[in-house]
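To start, the structure itself, in structure tokens.
Keep in mind that what you see is a predicted model, and the values were worked out from it rather than measured. Numbering starts at 1 and runs along the sequence shown.
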Amino acid sequence: MINRFLIASFPVAGIAIAAASNAFAVEYLTVEAAQRLMFPSASSYVLERPGFTPEQMRAIDASTHASSQARQFLIFRAEADQALLGRIYVDEVIGKSELITYAVAIAADGAVKQVEILAYRESHGYEVRDPRWRAQFTGKRASSPVVVGDDIANISGATLSSRHVTDGVRRILALDALIRRGSK
């Protein structure tokens, strides 16, 4: 009798565990909502495909000590009357074990305008969504250190998430600098 009960309960326990592991996934913003929030005066958001070479990507990863978990990141030109307002980069980094989808708005002058967390899938570390923490990135440029513990504060209880989002922003700044150099 006990054996039948244990055997019968394993599939249910497996389903409950699988469901619980995804219970923390929260989508806060869609890409479209982030675009409107980050560049509200834009009349269009044009998808760019800059075509980075593998060598360029390796150089960026090596120089920034950060690598994207998503090699299919998105880049949008925010334009008003065909004038560039800036770019919005949508990328993913690993938190502790799950992906964090985030967007970085970089103004036409190369400075971070805004950072938004679009989706967070971990049970802990969601504090990276705190507006005060994300505001630390505002004004940062490719030449800025952008390092947790130096110019970006760590979040206790969200150490990996804060470190990895910071690494991701630093990497996005390097990608933007590369695009801006190529467009001159």
Practice problem: Could you tell me whether the side chain of T159 and the main chain of S156 form a donor-acceptor pair under 3.5 Å? | Solution: no

Less than 3.5 Å apart, which donor and acceptor atoms pair up between the side chains of residues 79-86 and the rest of the protein, not counting sequence neighbours?
| unit_1 | atom_1 | unit_2 | atom_2 | d |
| --- | --- | --- | --- | --- |
| E79 | OE2 | R77 | NE | 2.8 |
| E79 | OE2 | R77 | NH2 | 3.1 |

Exercise. Start with the C-alpha gap between R171 and D91, add the side-chain angles, then the distance that decides, and say whether side-chain contact (heavy atoms from CB on, under 4.5 Å) holds.
Key: CA-CA 10 Å; R171 182 175 175 279; D91 194 13; 3.4 Å; yes

Quiz item: Say you draw a straight line from CD1 of I106 to CE of M38; how long is it, rounded to the nearest 0.5 Å?
Solution: 9.5 Å

Quiz item: Does R134 reach the main-chain N or O of R129 with its side chain, forming a donor-acceptor pair under 3.5 Å?
Solution: yes

Self-check item: Non-hydrogen side-chain atoms of K140 and I152 separated by less than 4.5 Å
Solution: yes

Exercise. Using ring pair (Phe, Tyr, Trp, His ring centres under 6.0 Å) as the criterion, list what pairs up with Y102, not counting sequence neighbours.
Key: none

Quiz item: Is a side-chain donor-acceptor pair under 3.5 Å present for S97 with R121?
Solution: no

Quiz item: Can you find a heavy atom in the side chain of V146 that is under 4.5 Å from one in the side chain of L173?
Solution: yes

Self-check item: Note: D176-R180 ion pair, threshold 4.0 Å (strictly below)
Solution: yes

Quiz item: If you group Ile, Leu, Val, Met, Phe, Trp and Tyr by side-chain heavy-atom gaps below 4.5 Å, do V148 and L160 land in one group?
Solution: no

Quiz item: Does the side chain of V169 reach to within under 4.5 Å of the side chain of V115, using non-hydrogen atoms?
Solution: yes

Exercise. With side-chain contact (heavy atoms from CB on, under 4.5 Å) as the test, would you mind laying out the steps for F73 and I172 before giving the verdict?
Key: CA-CA 10 Å; F73 52 87; I172 294 299; 5.5 Å; no

Self-check item: Row check, F76 ring normal vs R87 NZ/CZ: under 6.0 Å, within 45°
Solution: no

Practice problem: Find out whether T166 and V147 are in side-chain contact, i.e. whether some heavy atom of one side chain is under 4.5 Å from a heavy atom of the other. | Solution: no

Quiz prompt | Rounded distance (nearest 0.5 Å) linking atom CG of D130 with atom CD of Q136 | solution = 9.0 Å

Quiz prompt | Full working for side-chain contact (heavy atoms from CB on, under 4.5 Å) between V112 and R141 | solution = CA-CA 6 Å; V112 172; R141 299 175 174 279; over 6 Å; no

Quiz item: If we only count heavy atoms from C-beta on, is the I75 to P50 side-chain gap below 4.5 Å?
Solution: yes

Quiz item: Can Y120 and S161 be counted as having a side-chain donor-acceptor contact under 3.5 angstrom?
Solution: yes

Quiz item: Is a side-chain N or O of E27 found less than 3.5 angstrom from the main chain of L118, in a donor-acceptor match?
Solution: no

Exercise. Hey, could you give me the CD/CG distance between Q56 and L175, rounded to the nearest 0.5 Å?
Key: 9.5 Å

Self-check item: Minimal non-hydrogen separation, E116 against L29, with atom names
Solution: OE1-CD1, 3.8 Å

Quiz item: Do you know which two heavy atoms are closest between P40 and L37, and how far apart they sit?
Solution: CD-O, 3.7 Å

Quiz item: Quick check: does any side chain N or O of W133 sit under 3.5 Å from a backbone N or O of E127, one acting as donor and the other as acceptor?
Solution: no

Exercise. Sequence neighbours left out, what pairs pass ring-ring contact (aromatic ring centres under 6.0 Å, His included) with at least one residue falling in residues 148-177?
Key: none

Exercise. Decide yes or no for I88 and Y45: does some side-chain heavy atom of the first lie under 4.5 Å from some side-chain heavy atom of the second?
Key: yes

Exercise. Working to the nearest 0.5 Å, report the span between CD of E122 and OH of Y126.
Key: 13.0 Å

Practice problem: Identify whether V165 and Y28 are in the same connected component of the hydrophobic contact network (ILVMFWY, side-chain heavy atoms under 4.5 Å). | Solution: yes

Quiz item: With side chains defined as the heavy atoms from C-beta onward, is the minimum distance between L178 and I60 less than 4.5 Å?
Solution: yes

Quiz prompt | Pairwise side-chain contact, L74 with Y89, heavy-atom cut-off 4.5 Å (strictly under) | solution = no

Quiz prompt | V26 with V93, same ILVMFWY side-chain cluster at under 4.5 Å | solution = yes

Quiz item: Do you know which two heavy atoms are closest between A158 and G125, and how far apart they sit?
Solution: CB-CA, 3.4 Å

